[in-house]
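All remarks here apply to the structure that follows.
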Amino acid sequence: MTPCSLSGVAAAQSTPDVSTIAGSGAFGIPGGTTADSPFIQPLGAAVAPDGSVYVSDAGAQRIVRIANGLVSVVAGGGAVDASGVRVPGAFADGVGSAARFDGPAGLAFDGNALLIADSRNGCIRRLEDGVVTTFAGTCGTRGFADGAAASARFFLPMGLCVVPGGDVFVADTEVGVRKIDSAGRVTTMKLPFTDAYGLSYDEPSATLFVASKEGIFIIHRDALVGVEYGGTSSGAVRASQLSFGYAAGDPFGIVVLNRFTVLYSDAETGALRYLETYTGSAAVLSGSGTGGDFRLVGREPGPLGARSFVQPLGLALAADHGIIVADGLGRVVRRIAPWSPETLSVPADVSVPPWQPHRYRIALIGNSTIWSGATWYDSIENGIQNALDTPAFRAVHGEPEVLPFWIVGDNAFQAAADYGTFLVQNRLADAIVLQQSSMTLLDSSPKPAGQCGGLDFGARWAASRASTLKLGAAATAQHIPVVGVMAPAGMDVSPGEEISWTIIPGPDERCVVALRAQTQRFHGMLGALFGQARIHAADLWPAFLSEERRPDSRPLFGSMDGHFNAEGRALAAQTILPVLESAIAAEPK
């Protein structure tokens with residue numbers, strides 16, 4: 001199996017050289033010497049175990065191998081049609097040139113076998129020993145259906161990633177992230193986005209990085225860790241776009257350089273971008289990051305710069321940590337030499353000011369209550385950051401910066417604690433704020449009529465408890481303060497802002513009463529757990545109850561929504577702040 005990423009980046013020059021490994025820039029069916037071969041639209045790239053480079057040409061409907069100074073077609077065929085701009089797509093399994101594709105895109109090696117996202121055929125193909133077969137999906141019948149690989153349907157698969165254990169992840173445009181497990185079953189991950197284009201996996205941290213039109217997403221142990229960085233020109237706004245004042249563009253191809261940094265291509269502007277996922281520090285390495293009339297293009301050899309590419313799309317890591325780039329409109333395949341992102345220098349006219357290491361980083365980790373419906377200016381994060389940002393605090397700790405990490409999914413409680421441990425063990429945060437609510441244990445599966453849903457105090461609670469204790473132990477050893485926030489749901493503190501009707505299948509007052517009793521139990525158990533883990537507890541329940549019972553009380557939750565509104569977020573920040581200040585002050589300087 002060829003991993004989707006290689007942990008660690010070899011030491012190299014601070015600004016790496018870029019060279020063309022195949023393609024003359026001419027239009028045509030690929031083949032011949034690497035210097036003379038034309039291409040129509042190189043799209044996906046992968047590096048084989050023997051070090052040779054495989055590229056999908058989506059315009060020529062072919063898969064090529066680049067090795068020993070030659071570009072060789074290993075699968076696919078067909079002639080350019082009357083339009084003169086592309087080869088018509090088709091479908092056929094078979095040997096070598098007898099096989100047919102329709103828009104071959106992402107590539108990934110599973111051992112010596114090459115998996116191919118056959119995008120417009122809506123299926124995943126497999127090339128091994130020169131023979132192309134169908135690996136998953138119903139080729140020629142695009143759609144959406146989970147189940148056995150042979151009967152499943154994909155809409156427009158673009159990116160592929162094979163992870164240890166044999167699972168294959170598929171970025172299926174307009175559907176999201178699909179998983180083909182080692183038993184040959186296709187499932188769709190429950191994620192709050194559907195546009196997925198590129199995938200890359202970091203094995204040491206068990207983290208899958210997703211390039212989506214909505215931003216860069218991180219999935220840790222099958223739970224969404226958060227929108228680390230995002231926002232598009234269409235108006236979607238994400239936490240880190242507001243925090244760091246920089247939009248992600250339209251992420252397409254992506255590679256993990258190490259567990260903290262990624263490189264991705266921006267299909268919207270034709271830029272190649274670098275991102276530190278835990279700080280939001282970013283840089284445009286090639287192109288302008290603006291597009292339109294301001295787009296910068298080129299095929300210049302030498303140091304990586306503004307005019308190194310025309311349209312970087314698919315990206316792949318080589319064994320020596322060089323990066324293969326399929327330049328679609330450039331009709332070439334290029335290679336970025338091994339480099340060290342810690343010492344990267346970029347042209348001043350296309351760079352974003354990097355994150356400064358003197359900041360005091362506070363990670364606010366939790367489910368959707370930490371961000372949903374917020375803007376940066378009325379967020380919990382900004383409320384805490386502004387209140388801490390005083391001359392006295394800066395003199396001792398540096399400039400405070402609060403970074404949101406939004407985690408959703410059935411295992412959100414456990415995943416939040418695990419991610420906190422990851423940040424602590426790698427010294428990526430100076431303080432942790434872990435926000436938990438009873439909704440992270442809610443069993444949301446459909447129930448028969450008359451049967452109530454409830455909280456899972458069994459396996460899910462046990463796993464979450466173990467992860468929280470592990471976080472507390474790691475933070476104590478590293479002298480990193482952790483604040484555990486006990487967040488209420490609307491039904492816990494306000495009958496007038498009852499939200500249970502939206503989360504309990506089949507509205508039933510009996511179910512509401514039963515669930516409220518369970519959330520009260522959870523509240524007590526969570527407080528005890530924080531105490532046992534030596535985590536400082538910030539209990540929002542008393543403050544919210546007090547506000548809700550005032551004669552002139554303000555709504556604290558969204559209408560028919562379990563998330564805090566702006567008033568609720570302000571009250572949460574005010575309640576968390578003194579506990580956080582005390583926790584920070586208690587640790588050695």
Check whether any side-chain heavy atom of Arg120 lies under 4.5 Å from a side-chain heavy atom of Leu156, and answer yes or no.
yes
Criterion ring-ring contact (aromatic ring centres under 6.0 Å, His included) on Tyr419 and Phe405, from CA distance to verdict
CA-CA 9 Å; Tyr419 200 66; Phe405 294 87; 5.4 Å; yes
Identify each donor-acceptor pair in which a side-chain atom of residues 53-62 lies under 3.5 Å from a protein atom, sequence neighbours left out, and give them as a table.
from  : atom 1 : to     : atom 2 : distance (Å)
Tyr54 : OH     : Arg65  : NE     : 3.4
Ser56 : OG     : Gly44  : N      : 2.8
Ser56 : OG     : Pro104 : O      : 3.3
Ser56 : OG     : Ala105 : O      : 2.6
Asp57 : OD1    : Gln41  : N      : 2.8
Asp57 : OD1    : Gly59  : N      : 3.1
Asp57 : OD1    : Ala60  : N      : 3.0
Asp57 : OD2    : Ile40  : N      : 3.0
Gln61 : OE1    : Gly103 : N      : 2.7
Gln61 : NE2    : Ala58  : O      : 3.4
Gln61 : NE2    : Val87  : O      : 3.0
Arg62 : NH1    : Ala60  : O      : 2.7
Arg62 : NH1    : Gly78  : O      : 3.1
Arg62 : NH2    : Gly78  : O      : 2.8

Where do Ile63 and Ile116 land on the side-chain contact (heavy atoms from CB on, under 4.5 Å) test, with the steps shown first?
CA-CA 9 Å; Ile63 309 298; Ile116 304 158; 3.9 Å; yes
Is there a donor-acceptor pair under 3.5 Å between the side chain of Asp172 and the backbone N or O of Phe155?
yes
What verdict does the side-chain contact (heavy atoms from CB on, under 4.5 Å) test give for Leu471 and Leu434, after you've listed the backbone C-alpha separation in whole Å, the side-chain angles of each residue and the deciding distance to 0.1 Å?
CA-CA 10 Å; Leu471 168 61; Leu434 179 69; 3.9 Å; yes
For the residue pair Thr173 / Asp195, report whether a side-chain donor-acceptor contact shorter than 3.5 Å exists.
no
For Val163, does its backbone N or O pair with a side-chain atom of Asp167 as donor and acceptor, under 3.5 Å?
no
Distance-only, no hydrogens or angles: does the Ser265 side chain make a donor-acceptor pair with backbone N or O of Leu313 under 3.5 Å?
yes
Walk me through whether Asp102 and Ser119 qualify under side-chain hydrogen bond (donor to acceptor under 3.5 Å, both in side chains).
CA-CA 7 Å; Asp102 193 356; Ser119 63; over 6 Å; no
Determine whether Ile66 and Val333 make a side-chain contact, defined as any pair of heavy atoms from C-beta on separated by less than 4.5 Å.
yes
Is there a side-chain hydrogen bond (donor to acceptor under 3.5 Å, both in side chains) between Thr440 and Asn367? Walk through the geometry before answering.
CA-CA 7 Å; Thr440 58; Asn367 66 1; 5.5 Å; no
4.5 Å side-chain heavy-atom contact, Val95 and Val132:
no
Minimum-distance pair of heavy atoms, taken over all atoms of Gly31 and Pro38
O-CD, 3.9 Å
Close side-chain approach of Phe135 to Val168, heavy-atom, < 4.5 Å:
yes
Set of residues satisfying salt bridge (charged side-chain N to carboxylate O under 4.0 Å, His left out) with respect to Arg331, sequence neighbours excluded
none
Is the shortest heavy-atom distance from the side chain of Val424 to the side chain of Ile432 under 4.5 Å?
yes
So, the side chain of Ser467 versus the backbone of Ala463: is there a donor-acceptor pair under 3.5 Å, distance only?
yes
Take atom CG of Asp50 as the centre, draw a 6.0 Å sphere, and report whether it contains more than 12 heavy atoms from other residues, nucleotides or ligands.
yes
Taking side chain to side chain donor-acceptor pair (under 3.5 Å) as the test, write out the residues that go with Thr33, two or more places apart.
Asp36
Just so I know, are the side chains of Pro251 and Tyr197 near enough to count as touching, which here means a heavy-atom distance under 4.5 Å?
no
All side chain to side chain contact (heavy atoms under 4.5 Å, CB included) counterparts of Thr188, not counting sequence neighbours:
Phe144, Asp146, Val175, Arg178
Do Leu208 and Cys161 make a side-chain contact, defined as non-hydrogen atoms from C-beta onward lying under 4.5 Å apart?
yes
Aromatic contact, Phe217 with Phe209 (centres under 6.0 Å):
no
CD1 (Ile254) and CG (Leu263) are apart, to the nearest 0.5 Å, by 8.5 Å
Contact between Leu160 and Leu107 at the side-chain level, heavy atoms closer than 4.5 Å - yes or no?
no
For Ala417, is there any backbone N or O sitting under 3.5 Å from a side-chain donor or acceptor partner on Thr421?
yes
d(Phe91 CZ, Thr138 OG1) to nearest 0.5 Å is 10.0 Å
Asp202 and Thr207: side chain donor to acceptor below 3.5 Å
no
Would you say CZ of Arg465 has more than 12 non-hydrogen atoms from neighbouring residues, nucleotides or ligands within 6.0 angstrom?
no
Output yes when a side-chain donor or acceptor of Asp181 lies under 3.5 Å from a complementary backbone atom of Ala183, and no otherwise.
yes
Quick one: do Leu364 and Leu403 satisfy side-chain contact (heavy atoms from CB on, under 4.5 Å)? Show the steps, please.
CA-CA 6 Å; Leu364 177 55; Leu403 309 173; over 6 Å; no
Any chance the side chains of Thr20 and Arg334 put a donor and an acceptor closer than 3.5 Å?
yes
Holding to salt bridge (charged side-chain N to carboxylate O under 4.0 Å, His left out), I want the full list of residues that pass it with Glu128, two or more places apart in sequence or in another chain.
Arg126
Val210 to Ala196 - nearest heavy-atom pair and separation:
CG1-CB, 4.0 Å
Give a yes or no answer on whether the side chain of Asn121 reaches the backbone of Cys123 with a donor-acceptor pair at less than 3.5 Å.
no
Keeping the roles fixed (side chain from Arg460, backbone from Leu442), state whether a donor-acceptor pair exists under 3.5 Å.
yes
Is there a donor-acceptor pair closer than 3.5 Å between any side-chain N or O of Ser37 and the backbone N or O of Gly32?
no
With distance as the sole test, does Ser52 use its side chain to make a donor-acceptor pair with the main-chain N or O of Ala67 at under 3.5 Å?
no
Would you please classify the geometry between the Trp461 ring and the Phe413 ring as parallel, tilted or perpendicular, with 30° and 60° separating the classes?
perpendicular
Residue set satisfying salt bridge (charged side-chain N to carboxylate O under 4.0 Å, His left out) with Asp118, at least two apart, ordered chain then number -> Arg125
